[in-house]
Amino acid sequence: MAGADPSDGQWNHSASLFGVTGPRTRTQVAIIGAGPAGLTLGHLLHRSGIDSVILERRDRAYVERRQRAGVLEHGTVDLFRSTGVGDRMDREGLVHHGIHLQFEGERHRIPLTELAGGRSITVYGQHEVVKDLIAARLAAGREICFEADEVSLHDVDSERPCVRYRSEGSAREIECDIIAGCDGSHGVSRAAIPQDAYRVFERTYPFAWLGILAAVPPSLDELIYAHHDRGFALHSMRTPTITRLYVQCAPDDPLDAWPDERVWTELRARLETADGWTLEAGPVLEKGITTMRSAVMEPMQWGRLFVAGDAAHVVPPTGAKGMNLAVSDVRALGAAIAEWYRTGDRAALDVYSRTCLRRVWRAEHFSWWMTSMLHRVPDADAFHHKLQLAQLRYTVESRLAAASLAENYVGYEHA
Ligand code: FAD
Ligand code: DHB
């Protein structure tokens with residue numbers, strides 16, 4: 001691409017063009033969304049000396065409190081640590097070397113680290129990652145515009161794309177070289193691509209997760225994924241004093257169908273084992289329902305717009321892959337953008353989508369496989385149930401099958 005033109009800083013002039021009443025500014029990369037994808041990209045670009053502006057629809061307190069993922073793959077941890085945002089994660093994150101699969105009332109440990117070449121996972125809440133990245137960005141003097149309304153993308157197939165939005169009562173515009181659409185599964189970025197320029201592959205599942213955060217120490221120091229006749233359950237955690245738990249429910253269940261007592265009754269029924277292990281209950285701090293879907297857009301780019309994270313693909317949460325995929329997309333995108341500014345060569349940008357999609361589809365398959373094996377499928381016959389149990393038994397008994405799970409769970413690195 002000719003004319004890799006590093007930003008010449010901010011330019012301000014008032015303009016009435018397109019109804020823009022506030023300042024028009026310029027940056028190198030406009031990033032839509034301050035989730036893990038947008039914030040990590042902003043951080044990586046800053047480290048390469050590239051200017052960006054992040055536009056976020058919500059306020060700072062909201063994004064710093066939003067309860068979501070909790071499991072960081074080995075490579076995600078390495079990236080945060082090696083780029084200077086891993087200090088608190090290293091102090092407060094919980095490094096895990098195994099997980100448990102449970103079925104027919106028995107628990108089986110998968111020794112991740114032993115099976116996956118010494119790699120591990122770290123349990124550290126997504127909202128903590130978001131807090132760390134926001135703090136690093138503000139300390140670096142880079143911009144995040146919270147509560148940006150009516151964000152819209154323009155001229156994304158030209159060399160001068162721009163983003164318009166409303167903030168503090170005025171209509172504003174940012175001209176840039178590149179737009180990164182990191183605005184999650186309900187974002188607006190994708191709408192800037194003509195419908196015939198991409199395809200979406202998707203699947204919905206006939207179940208959902210009800211998640212709670214409880215003020216009680218975890219009942220076990222590792223995660224438990226439980227298959228049960230009553231449905232799936234997951235024991236996880238956030239800190240040594242806060243437990244995170246999920247229970248399979250119907251996608252159309254209203255939240256008030258799940259009073260705390262019912263949640264604990266179901267969690268106990270699905271997680272407790274015949275050998276006397278019990279689940280400790282405690283005050284419920286938060287409760288929410290998440291529906292489950294697999295979806296991938298191809299390609300993840302059009303003109304000067306590059307889509308990353310949940311905006312481009314979603315996975316059901318069972319494999320703990322969503323946030324990790326978001327981070328690995330922007331690792332590739334950050335490197336490609338830096339290469340283009342440094343050398344003018346856009347080869348890596350041109351293959352951004354192809355680079356990401358290999359990993360995305362591996363994670364899509366793994367997440368679908370874990371989901372299919374562990375959930376009770378409404379209306380499935382007894383044969384289907386027997387197949388699930390056969391797959392679970394094989395996974396815990398065969399070292400090779402367990403190693404495949406472990407390799408994917410800690411994060412499969414393509415050759
Ligand atoms: P998001 O986190 O959704 O961020 C997008 C941002 O864009 C948001 O802040 C949003 O407010 C903003 N935005 C949206 N629209 C606009 C707009 N029009 N203008 C400006 N801003 C906008 N993943 C894992 O890796 N491990 C796990 O253990 C895991 N567990 C999960 C458990 C649950 C219950 C759920 C729901 C998800 C889980 N995930 C997990 C998935 C993970 O949370 C997501 O994949 C991750 O949030 C994706 O990050 P993102 O930055 O792409 O998108
Ligand atoms: C958590 C979420 C997941 O989707 C998962 O597979 C494991 C743990 C969590 O929120 O802790």
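Counting convention: from 1, in listed order, for ligands and their atoms alike. Residue numbers start at 1 and run along the sequence shown. Note that the coordinates shown come from a computational prediction; the quantities given were computed from them, not determined experimentally.
In the displayed structure, Tyr394 atom OH is contacted under 6.0 Å by at most 12 heavy atoms of other residues, nucleotides or ligands. Counting heavy-atom neighbours within 6.0 Å of Arg354 CZ, excluding the residue itself, gives a total of 12 or less. Within 6.0 Å of CZ in Arg230 there are 12 or fewer heavy atoms belonging to other residues, nucleotides or ligands. By the neighbour-count criterion of 12 heavy atoms within 6.0 Å, atom CZ of Arg262 is densely surrounded, having more than that number from other residues, nucleotides or ligands. Within 6.0 Å of atom CZ in Arg203, 12 or fewer heavy atoms from other residues, nucleotides or ligands are found, so the atom counts as exposed in its surroundings.
For Glu128 and Arg238, the salt-bridge test fails: no basic side-chain N is under 4.0 Å from an acidic carboxylate O. Ion pairing between a basic and an acidic side chain is recognised when a charged N comes within 4.0 Å of a carboxylate O; Arg24 and Glu175 show no such pairing. Taking 4.0 Å as the cut-off between side-chain N and carboxylate O, Asp177 and Arg26 count as a salt-bridged pair.
Using a 4.0 Å cut-off between heavy atoms, Gln67 makes no contact with ligand 1 at all. Residue-level proximity to ligand 1 for Leu55 is carried by the backbone, the only part with a heavy atom below 4.0 angstrom. Looking at Ala69 against ligand 1, both its backbone and its side chain come within 4.0 Å, counting heavy atoms. Counting heavy atoms under 4.0 Å from ligand 2, residue Thr318 touches it through the backbone alone. In Val151, the part holding a heavy atom less than 4.0 Å from any atom of ligand 1 is the side chain. Of all the heavy atoms of Asn324, the ones lying under 4.0 Å from any atom of ligand 1 are found in both the backbone and the side chain. Here Ser185 has no heavy atoms under 4.0 Å from ligand 1, in either its backbone or its side chain. At a heavy-atom distance under 4.0 Å, no atom of Tyr165 approaches ligand 1.
For the pair Val200/Met297, a side-chain contact is recorded, criterion being any heavy-atom separation below 4.5 Å from C-beta on. Within the 4.5 Å cutoff, no side-chain heavy atoms of Phe103 are placed close to those of Gln388. When side chains are defined from C-beta on, Ile242 counts as touching Leu285, because their heavy atoms get closer than 4.5 Å. Contact of the Leu39 side chain with the Ile144 side chain is registered, since non-hydrogen atoms from C-beta on lie closer than 4.5 Å. Counting heavy atoms from C-beta on, the side chains of Ile110 and Val396 come closer than 4.5 Å.
Phe201 and Trp361 have perpendicular rings, their planes meeting at more than 60° on a 0 to 90° scale where under 30° would count as parallel.
Considering backbone and side-chain N/O atoms, Arg68 comes within less than 3.5 Å of an N/O atom of ligand 1. Polar contact check, Pro317 against ligand 2: a nitrogen or oxygen pair lies under 3.5 Å apart. The N/O atoms of Thr290, backbone and side chain alike, include none that comes under 3.5 Å of an N/O atom in ligand 1. Backbone and side-chain nitrogen or oxygen atoms of Pro317 are examined, and none is located within less than 3.5 angstrom of a nitrogen or oxygen of ligand 1. When only interatomic distances are considered, the shortest N/O to N/O separation between Met323 and ligand 1 falls below 3.5 Å. The N/O atoms of Ala320, backbone and side chain alike, include one that comes under 3.5 Å of an N/O atom in ligand 1. Taking any N or O of Gln126, backbone or side chain, at least one lies under 3.5 Å from an N or O belonging to ligand 1. In terms of polar-atom proximity, Asp310 is counted as a contact of ligand 1, with an N or O under 3.5 Å from an N or O of the ligand. Taking only nitrogen or oxygen atoms, main chain and side chain alike, Tyr409 does not reach within less than 3.5 Å of ligand 2. For a threshold of 3.5 Å applied to N or O pairs, the pair formed by Gly187 and ligand 1 contains no separation below that value. The shortest N or O to N or O distance between Arg57 and ligand 1 is under 3.5 Å. Of the N or O atoms in Trp209, none lie within a sub-3.5 Å distance of an N or O in ligand 2.
Defined by atom type and a distance below 3.5 Å, a donor-acceptor pair is present between the side-chain atoms of Arg244 and Tyr246. Side-chain contact check for Ser372 and Tyr205: no donor-acceptor pair (N or O, by modelled atom type) lies under 3.5 Å. Side chain to side chain, His313 and Glu364 fail the donor-acceptor criterion of an N or O pair below 3.5 Å.
Proximity to Arg58 (heavy-atom distance under 4.0 Å) selects the following atoms of ligand 1: 11 (O). Interface atoms of ligand 1 facing Val188, defined by a heavy-atom separation under 4.0 Å, are 18 (N). Under a 4.0 Å criterion applied to the non-hydrogen atoms of Gly309, ligand 1 contributes the atoms 52 (O). With ligand atoms numbered from 1 in the order given, ligand 2 contributes 5 (C), 6 (O) to contacts under 4.0 Å with heavy atoms of Ala320.
Between Gly70 and ligand 1 there is a heavy-atom distance shorter than 4.0 Å. For Tyr246, the heavy-atom gap to ligand 1 drops under 4.0 angstrom. Taking a 4.0 Å cut-off on heavy atoms, Pro36 registers as neighbouring ligand 1. The shortest separation from a heavy atom of Arg68 to ligand 2 is under 4.0 Å, placing the residue in contact. Between Arg66 and ligand 1 there is a heavy-atom distance shorter than 4.0 Å.
The protein heavy-atom contact nearest to atom 6 (O) of ligand 2 is Tyr225 OH, 2.6 Å. The shortest contact between atom 1 (C) of ligand 2 and any protein heavy atom is with Tyr246 CE1, 3.8 Å. With hydrogens left out, the protein atom closest to atom 11 (O) of ligand 2 is Ser236 OG, 2.6 Å, a heavy atom. In this structure, the protein non-hydrogen atom closest to atom 11 (O) of ligand 1 is Glu56 OE2, 2.6 Å. Among protein heavy atoms, atom 9 (C) of ligand 2 sits closest to Arg238 NH2, 3.4 Å.
Pairs engaging residues 405-415 under the side chain to side chain donor-acceptor pair (under 3.5 Å) rule: Tyr225-Tyr409, Arg359-Glu413, Arg362-Asn408 [sequence neighbours left out].
Under the side-chain contact (heavy atoms from CB on, under 4.5 Å) rule, Tyr124 has a single partner from Val77, Asp132, Thr239, which is Asp132.
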